[in-house]
Amino acid sequence: MNAERPIVDENVSRTELKTAVADAPLQHNHPDSLPPALETTVVKSWKAPIAFGIFSIIAILLFVVFGREGTSGFRLSTDSDFFQIPTIQAPTRATGIVLTVLLVALAAYSAFLVSRSRPVRLWVTVVFAVLFLVGFLTWASAGATIPVPGLLVGAVGLSVPLVFGALGGVISERVGVVNVAIEGQLLAGAFVSAIVASVTGQPVLGLLSAMAAGVLVSFVLAAFSIKYFVDQVIVGVVLNVLVTGLTSFLYSQVLSKNTELLNNSGTIRLPRLPIPGLSEIPILGPVLFRQTIIVYILYIAVAVVFFALFKTRWGLRLRAVGEHPQAADTVGINVARTRFWNVSLAGAIAGLGGAYFTMGSVGSFNKEMTAGAGFIALAAVIFGRWDPIRATLAALLFGFASNLQSVLSIIGSPVPSEFMLMLPYLVTIFAVAGVVGRVRGPAASGKPYIKS
Amino acid sequence: MKLELRGITKRFGALTANDHIDLTIEPGEIHCLLGENGAGKSTLMNVLYGLYKAEEGEILLDDVVQHFAGPGDAMAAGIGMVHQHFMLIPVFTVAENVMLGHEKTNAAGVLDLGAAREKVREISERFGFHVDPDALVDDLPVGVQQRVEIIKALSRDAKVLVFDEPTAVLTPQETDELMTIMRQLKAAGTSIVFITHKLREVREVADRITVIRLGKVVGEASPTATNAELASLMVGRAVELTVHKDPAQPGADAFVVSNLSVIDPHGQLVVNNVSFDVRAGEILAIAGVQGNGQTELTEAIMGLQSRVRGEITLDGKSIRGLSVKQVLASGIGFVPEDRKEDGLVGEFTIAENLMLDRSDGPPFVKAGTLQLNYLNEFAEQKSKEFDVRSQGITTPVGRLSGGNQQKVVLARELSRDLRLFMAAQPTRGIDVGSIEFVHKRIVATRDAGIPVIVVSTELDEVVALADRIAVMYRGTIVGIVPGDTPRDVLGLMMAGEVPDSVTSPPEGAAA
């Protein structure tokens, strides 16, 4: 072992140069043991101040220059609450001016931060967004009253399928399969749950069948993308078209001819189950605790997925397969099987979200009733950075934007309804493109794992 | 544990990667598997590890025939592997990586991270690794990542440990430490299979040496064999291990980089205030371990990086901020480090690849039309000149061997009027014959009076080619030293230390 060292014959200078040499006991005193961070420089990003500036200008124009007279009302309580909070009445123009001043101040503060090479923290963005939103609502509701609980209840309602879809998306992408088929899974869940619940009269069977329908769609996605290495995005898109076509065909040929038996809203729709006590808290009660069983399942699902993804063996292996499948393979994890079953699980969750369209809200199936919710859920996955909690919040934001649109058109806002219809999608685009910036998804997402 | 491979044959289509290979690893020995790139060493080990299924042959552990359906079985039988490309999840912590695949959980299925941390600490302590179980693998230097791989294997009680080209990513000092670790493991009774193509390392650590060529065992050697003997056994003929070159005849400063910094999206200075110059007719080698800013430096010169500070001048004219096309037009020839990714279009023919960077005008394109006759003539001539071995100029480049692919890149880049030639990792992953050829062409380019930059992580190559050597470490140039600087000094510089002998300004820099 102590043979001569043929590497270097120039041993002369060796002793002077302090280092760990092989003959000495292993010493880790060279710089690699404690890696110094690379020197950094600050890349000034003016993105936030510029965006704040643009919105401040909009605020000045909208709330001050073209400000509307009158008072704006915000009703905060419903009749069945513990106690009643009086409706807030605010003078429209004065409130607008105050909020605009605050917005301009925040924009200036962010510009100051960036000029001093300091980061613009998230709370600045959040406060700015909330202030702008309040200002906009005040302006839009001049001379009318916005029912805040109603606005939020509706927002949650529209968010539920998005959250289910996003959870399915998170699981699927984390295991390495891009799930563009969320739309198809939602629609399949909606369709099958309606029929099963209508025919059997058993809501539980309806929910289970929705999950089964989502799983079936997932099976196709998984088989093609995992077994046959077909491009995952293409399979997903094709599946969406297929499910849309199939359900529309069956709807017009079968369901609409026998509505009483197959698409009966009387038997399909789930009852609301107010939770005693909790449901009487002002604002929160009606929003969160006067819901159907699907929504309560959702609360549990979000918590369970979050916990399991980061704290259990299942989650560790799932994430390993999505990040570096070959590494997972070399420690004895079956990559194809892990992907297959987790994509199926994702389909089950998304399918359950589909059941909300029929059993949770409308009560009957309609052609193409998911209306792109699957794609918004996909955006929520990215906006939420592949994290179940963040994705849920993103889905709630998108749901809120959708519902804001309908509430404002009901109370007669001055904004054209066509413009308002764009709102949810505008929010989605801005959220995903602007705010998220560069984020790293699961490294192997979308890439087939081909073993030789 | 005694490991025996008998008659292992593995085919990929028409290619026989392993042809009836017999190999016996005795308990507690370090057995070197020596062979060129593509000789079939890694394939053999992947068969052993259950990643590939062999067509013929059997694996025996302590004289018991094994049937490995996958890596899980191999690990359970006591075989561990330190892969050439680390099999670690970068976004996981060390403990999570070590526990992956055999996780301990409590009754509720929740991971027992405490036990994994303890295991990492215990093994780390036993061998003096100093690995923090809660560090993110992505944040660790490669040398430490390799130790995580070793811990991973040991945590599953590996009795036979396979190291697949473990030194490719290490500094010479880290390599020395790895050798020490191997000896420690051996002393603890672990059998070690050490795969490499570097003769120096083999002779230092091996108890026995098996040489593989073209998928066959061609002989055994003892660690006392000379480099020349081992090399000729490995290549199948006598090889020249040194490059013949006359002393450089450097002319005036031709290419000057001053205070160049490259900033990545996170604001890190991946190249940090780098200055150097290259004179006409000399080779400046940029040495350093992979990932110390060399890639970004070459990309910045080529106009491929967006956030660049400082100045780059070629023949007195600034080329900073020019587009890639303008940089090429100013006379820079560039061999990128990843020829399959950046150097060639695999599906294109040899001829098409030879005109890739000249598709916007004569002589290859006239009035928007490819001049196929001229192209074919050109391609035939260049194929001959650069000894590209193929079925013809219409062969897709992706089907060629690594060495022939590199010759195509070289032919394309050297066929223009150059003012600077820059080659990054010019001989990575190519056979010895091609290495000789590439080295000769690089020296010939220098002798034609063109400034040459060679970026290489292989110390052998640096020493063989360089007239002067700039060593990069963590984005900075540690020093610029003469080409005959001893290896151990270079090794230290690659680890970021500046030996006293180097601190004086290198001669030639002030010219």
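Just so we're clear, the structure is a prediction, and the values are computed from it rather than from any experiment. Proteins come first, then strands; the chains are lettered A, B, ... in the order of their sequence lines, and each starts at number 1.
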task = Go through the structure and list residues passing salt bridge (Lys or Arg N to Asp or Glu O under 4.0 Å) with A:Glu323, not counting sequence neighbours.
result = A:Arg440

message = So if I take each residue of residues 305-314 of chain A and look for any heavy atom under 4.5 Å from a heavy atom in chain B, which residues do I end up with?
response = A:Phe307, A:Lys311, A:Thr312, A:Arg313

message = Is it the case that the ring center of B:Tyr52 lies less than 6.0 angstrom away from the ring center of B:Phe12?
response = yes

key: Minimum-distance pair of heavy atoms, taken over all atoms of A:Gly168 and A:Asn179   = O-ND2, 4.2 Å

task = Hey, could you give me the CG/NZ distance between B:Leu230 and B:Lys198, rounded to the nearest 0.5 Å?
result = 15.5 Å

note = All heavy atoms of A:Ala327 vs all of A:Thr330, minimum pair found to be O-OG1, 2.8 Å

query = Aromatic rings A:Tyr299 and A:Tyr296: how do their planes relate, parallel, tilted or perpendicular, breaks at 30° and 60°?
reply = perpendicular

request  = Could you list the residues that satisfy salt bridge (Lys or Arg N to Asp or Glu O under 4.0 Å) with A:Arg337, not counting sequence neighbours?
outcome  = none

request  = Identify which part of B:Val110 has an atom lying under 4.5 Å from any heavy atom of chain A, answering side chain, backbone, both or neither.
outcome  = both

query = Side chain, backbone, both or neither: which part of B:Val270 has a non-hydrogen atom closer than 4.5 Å to chain A?
reply = both

message = Using heavy-atom distances under 4.5 Å, tell me whether B:Ile263 contacts chain A through its side chain, its backbone, both, or neither.
response = side chain

ring-ring contact (aromatic ring centres under 6.0 Å, His included) partners for B:Tyr49, two or more places apart = B:His83

message = If you count heavy-atom pairs within less than 4.5 Å of chain A, which of B:Gly475, B:Gly491, B:Gly72, B:Gly101 leads?
response = B:Gly101

key: chain B contact via A:Ile333 - which portion, at a heavy-atom distance below 4.5 Å   = side chain

